[in-house]
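Notes follow the structure.
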Amino acid sequence: DTEVTQTPKHLVMGMTNKKSLKCEQHMGHRAMYWYKQKAKKPPELMFVYSYEKLSINESVPSRFSPECPNSSLLNLHLHALQPEDSALYLCASRKEGGRTDTQYFGPGTRLTVL
Amino acid sequence: AQSVTQLGSHVSVSEGALVLLRCNYSSSVPPYLFWYVQYPNQGLQLLLKYTTGATLVKGINGFEAEFKKSETSFHLTKPSAHMSDAAEYFCAVTDYNQGGKLIFGQGTELSVKP
């Protein structure tokens with residue numbers, strides 16, 4: 001099973017709202033990622049977690065706050081977002097090591113900021 | 001630094017025709033290369049990958065790709081296009097120096113005409 005799940009599938013929020021995106025995998029992967037994807041563009045990395053610790057933050061604004069409560073779960077907390085933050089947010093987990101090194105993506109959360 | 005270039009942002013083929021999507025990479029280390037497909041409003045699905053070993057790799061849905069080190073290429077092919085192949089295709093390489101993040105090409109939108 002190579003499934004990464006994401007909830008919610010769609011989210012509409014105002015600029016003053018606080019919301020959270022959730023990502024879950026049960027493949028035992030110890031690296032997890034958040035990507036942001038605008039229409040007709042490739043995904044852009046936001047954060048990398050390795051063994052539940054934040055290892056990379058690609059200069060993401062502080063209105064995005066990631067959290068990794070355990071090895072299976074990744075959250076992205078959203079606060080005071082801007083309309084330009086509307087995008088597809090993708091979570092991925094990575095099976096590390098040699099020939100099997102692969103990132104598996106979830107279905108994404110389509111975020112609209114009004 | 002690693003990079004990926006996909007030639008042609010849009011490719012159109014007739015149903016039953018050969019599909020050829022081009023990908024060239026730049027990497028200072030032996031690359032791990034991937035092709036992902038994205039259907040509208042969905043996440044990325046792994047089509048195939050090259051890590052080590054055989055340079056001709058077969059993936060899902062009848063796709064295959066050949067790693068050519070001398071040409072720094074990893075082109076994706078399918079002998080006979082099907083209407084259901086219409087989607088966005090991304091070529092990617094793993095960046096080991098950045099937490100294993102994927103460096104994506106700009107994507108190629110494949111259209112299939114009846």
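Every value quoted in this text rests on a predicted model; they were computed, and no experiment measured them. Letters go in sequence order (proteins before strands), and every chain restarts at 1.
Proximity to chain A among residues 32-52 of chain B is limited to B/Tyr32, B/Phe34, B/Tyr36, B/Gln38, B/Asn41, B/Gln42, B/Gly43, B/Leu44, B/Leu46, B/Lys49, B/Thr51, B/Thr52, judged by heavy-atom separations below 4.5 angstrom. Taking non-hydrogen atoms and a 4.5 Å limit, the residue list of residues 102-114 of chain B in contact with chain A, ordered by number, reads B/Leu102, B/Phe104, B/Gly105, B/Gln106, B/Glu109. Residues of residues 14-27 of chain B lying under 4.5 angstrom from chain A, judged on non-hydrogen atoms, do not exist here.
In terms of modelled atom types and a separation under 3.5 Å, the side chain of A/Glu96 and the main chain of B/Gly100 share no donor-acceptor contact.
Here the rule is side chain to side chain contact (heavy atoms under 4.5 Å, CB included) with B/Lys101, and of A/Met46, A/Glu58, A/Glu44 only A/Glu58 fits it.
Residues A/Ile56 and A/Phe105 fall within the same hydrophobic cluster, defined by Ile, Leu, Val, Met, Phe, Trp and Tyr side chains chained together at heavy-atom separations under 4.5 Å. B/Val4 and B/Phe67 fall within the same hydrophobic cluster, where Ile, Leu, Val, Met, Phe, Trp and Tyr residues are linked whenever their side-chain heavy atoms come under 4.5 Å apart, directly or through other members. Connection of A/Phe64 to A/Leu90 is not established within any shared hydrophobic cluster, with ILVMFWY side chains joined at heavy-atom distances below 4.5 Å, either directly or through further cluster members. Both B/Ile60 and B/Leu76 are assigned to one and the same hydrophobic cluster, defined by single-linkage of ILVMFWY side chains at heavy-atom distances under 4.5 Å. Criterion: ILVMFWY side-chain heavy atoms under 4.5 Å apart, direct or through other members. Under it, A/Leu74 and A/Leu54 are part of a common hydrophobic cluster.
Interatomic distance, B/Gln98 CD to A/Ser55 OG, rounded to the nearest 0.5 Å: 9.5 Å.
Listed by first and then second residue, the salt bridge (Lys or Arg N to Asp or Glu O under 4.0 Å) pairs that reach into residues 81-92 of chain B are B/Lys78-B/Asp85, sequence neighbours excluded.
Residue A/Tyr49 does not touch chain B at all, counting heavy-atom pairs closer than 4.5 Å.
Residues A/Lys41 and B/Phe90 come closest through the heavy atom pair O-CZ, 3.7 Å.
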